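See structure below.
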Amino acid sequence: TNVEVKLLAKHPMHTGRVTDPVSKELIPANFIKTLSCHIGEKKIFQGNFGTGVSKDPFLKLTFINRKAGETLKFEWVDLSGKSEAVEVVV
């Protein structure tokens, strides 16, 4: 069975090129650098992001030949080393 997943990664995606309106200092770059998907221990997808990706990136992914009951684990890591993960049961 094919499974369509819509994923919204809440993140400000700072490019390092925008000035803070109060301090007038550049806001340091901090954006999601990788987003991956695993089934169990097997990585089935990885996306590498950069400064061209907007705030709160939205992805629509289609996974083919998935089985009911499988768990997809999505995880992202940003430049600061922060990570977040979410699991979805198909």
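The model shown is predicted, which means the values in this text are computed figures rather than measured ones. These numbers come from the heavy atoms of this one structure, side chains and all, not from hydrogens, waters or symmetry mates.
- Residues N2 and N65 approach most closely at OD1-N, 3.3 Å, considering heavy atoms.
- In terms of the side-chain hydrogen bond (donor to acceptor under 3.5 Å, both in side chains) criterion, residue partners of S80 (sequence neighbours excluded) are, by chain and number, D78.
- Between R17 and L26, the shortest heavy-atom distance links the atoms C-CD2, 3.8 Å.
- Listed by chain and residue number, S23 satisfy the side chain to side chain contact (heavy atoms under 4.5 Å, CB included) test with E25 (two or more places apart in sequence, or in another chain).
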Could you pull out every donor-acceptor pair under 3.5 Å between side chains of residues 82-90 and any protein atom, sequence neighbours left out?
| from | atom 1 | to | atom 2 | distance (Å) |
| --- | --- | --- | --- | --- |
| K82 | NZ | E84 | OE2 | 3.4 |

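- With sequence neighbours excluded, the residues forming a salt bridge (charged side-chain N to carboxylate O under 4.0 Å, His left out) with E4 are K60, listed by chain and number.
- When the side chains of ILVMFWY residues are joined at heavy-atom separations under 4.5 Å, either directly or via intervening members, M13 and V18 end up in two distinct hydrophobic clusters.
- Partners of N48 according to the side-chain hydrogen bond (donor to acceptor under 3.5 Å, both in side chains) rule, which considers only residues two or more places apart in sequence or in another chain, are Q46.
- Take K10 and apply the salt bridge (charged side-chain N to carboxylate O under 4.0 Å, His left out) test, not counting sequence neighbours, and it matches D56.
- Under the salt bridge (charged side-chain N to carboxylate O under 4.0 Å, His left out) criterion, no residue pair touches residues 32-45, with sequence neighbours excluded.
- For the side chain to side chain contact (heavy atoms under 4.5 Å, CB included) test, no residue two or more places apart in sequence or in another chain qualifies with S54.
- Annotation for I64: hydrophobic cluster partners, listed by chain and number, are none (ILVMFWY side-chain heavy atoms under 4.5 Å, direct or chained).
- The ring-ring contact (aromatic ring centres under 6.0 Å, His included) analysis of residues 38-62, with sequence neighbours excluded, yields no pairs.
- Here the shortest heavy-atom pairing between L72 and V5 reads CD1-CG2, 3.9 Å.
- Across all non-hydrogen atoms, the minimal contact from A9 to I32 is CB-CD1, 3.8 Å.
- Residues V3 and L59 share a hydrophobic cluster, clusters being chains of Ile/Leu/Val/Met/Phe/Trp/Tyr side chains in contact below 4.5 Å.
- Listed by chain and number, the residues in a salt bridge (charged side-chain N to carboxylate O under 4.0 Å, His left out) with E70 are R66 (sequence neighbours excluded).
- Pairs of residues two or more places apart, or lying in two chains, that qualify as ring-ring contact (aromatic ring centres under 6.0 Å, His included) and include a residue from residues 2-34 are H11-W76.
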